[in-house]
Amino acid sequence: MIPPHTLSALESRFHDVIRGRVDELIKQHNVVLPKLSDFLKSGESSSYFAVPGFYGGFNFRIQGDGEDAKLITESWSRVCGGSEQTHEITATSTTLVSEGGM
């Protein structure tokens, strides 16, 4: 189980990553960002968050449990070669672990 304060920190950092890549599109299309509590309730091992106008989106999954849980997100745009990014998010840090590809 992931403590509420850890889940909240993961979600906040995840939203920062999303906004860092596609803030203008989020605002333009009034997109509601994903809630990690809803994702955990779904019981799925991973999920996909599409962003209108980005022609891509964000795959994400949670690894681990408790305060050491991590969120891994992979994002890309299908129309922009080399746009792939993978981030590892903890309650206290966000790390870009790979970039490019596709």
Side-chain angles (χ1 to χ4, degrees):
M1 177 162 207
I2 300 173
H5 65 277
T6 300
L7 189 63
S8 177
L10 292 173
E11 182 175 282
S12 177
R13 290 180 172 281
F14 181 34
H15 290 178
D16 288 346
V17 168
I18 294 169
R19 286 188 193 101
R21 294 213 69 187
V22 292
D23 191 50
E24 187 174 312
L25 293 171
I26 295 295
K27 290 175 182 174
Q28 179 182 349
H29 296 283
N30 296 316
V31 174
V32 175
L33 299 178
K35 297 189 182 312
L36 294 183
S37 59
D38 292 343
F39 165 64
L40 289 176
K41 288 176 190 173
S42 77
E44 298 293 326
S45 61
S46 66
S47 189
Y48 178 71
F49 175 67
V51 177
F54 187 49
Y55 303 101
F58 297 78
N59 275 333
F60 62 96
R61 64 189 181 282
I62 293 180
Q63 291 181 343
D65 205 12
E67 292 186 0
D68 295 327
K70 297 177 185 179
L71 185 137
I72 309 299
T73 182
E74 298 148 344
S75 59
W76 66 92
S77 172
R78 292 187 312 271
V79 297
C80 185
S83 67
E84 184 178 81
Q85 291 184 347
T86 301
H87 288 85
E88 182 178 281
I89 300 168
T90 69
T92 59
S93 68
T94 301
T95 304
L96 176 63
V97 294
S98 70
E99 185 171 33
M102 293 188 107

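Keep in mind the model is a prediction, meaning the values are calculated, not measured. The figures that follow rest on heavy atoms only: side chains count, while hydrogens, waters and symmetry mates do not.
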Of all residues at least two apart in sequence or in a different chain, which pass the side chain to side chain donor-acceptor pair (under 3.5 Å) check with [X]?
X: Ser98; answer: Thr86
X: Arg61; answer: Glu74
X: Glu67; answer: His5

Could you pull out all residues at least two apart from [X] that satisfy side chain to side chain contact (heavy atoms under 4.5 Å, CB included)?
X: Arg13; result: Ile89, Thr94
X: Glu88; result: Lys70, Ile72, Val97
X: Ala69; result: Ile2, Leu10, Ile62
X: Ser93; result: Thr90, Thr95

Value rounded to 0.5 Å, distance of [atom1] in [X] from [atom2] in [Y]:
X: Ile18; Y: Glu11; atom1: CD1; atom2: CD; value: 9.0 Å
X: Ser75; Y: Glu99; atom1: OG; atom2: CD; value: 9.5 Å
X: Thr6; Y: Leu71; atom1: OG1; atom2: CG; value: 12.5 Å

Taking all non-hydrogen atoms of both residues, which atom of [X] and which atom of [Y] are closest, and how far apart?
X: Pro52; Y: Ala50; answer: CD-O, 4.0 Å
X: Ala91; Y: Ala9; answer: O-CB, 3.6 Å
X: Pro3; Y: Gly66; answer: CD-C, 3.5 Å
X: Phe54; Y: Ser77; answer: O-OG, 2.7 Å

With sequence neighbours excluded, residues passing salt bridge (charged side-chain N to carboxylate O under 4.0 Å, His left out) with Asp65: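 Salt bridge (charged side-chain N to carboxylate O under 4.0 Å, His left out) check on Asp65 returns nothing, list empty.
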Scan the side chains in residues 25-44 for donor-acceptor partners under 3.5 Å anywhere in the protein, sequence neighbours excluded, and list what turns up.
| from | atom 1 | to | atom 2 | distance (Å) |
| --- | --- | --- | --- | --- |
| Lys27 | NZ | Asp23 | OD2 | 3.0 |
| Ser42 | OG | Phe39 | O | 2.6 |
| Ser42 | OG | Glu44 | N | 3.2 |

Plane angle bin for Phe58 and Phe14 - parallel if under 30°, tilted between 30 and 60°, otherwise perpendicular: perpendicular
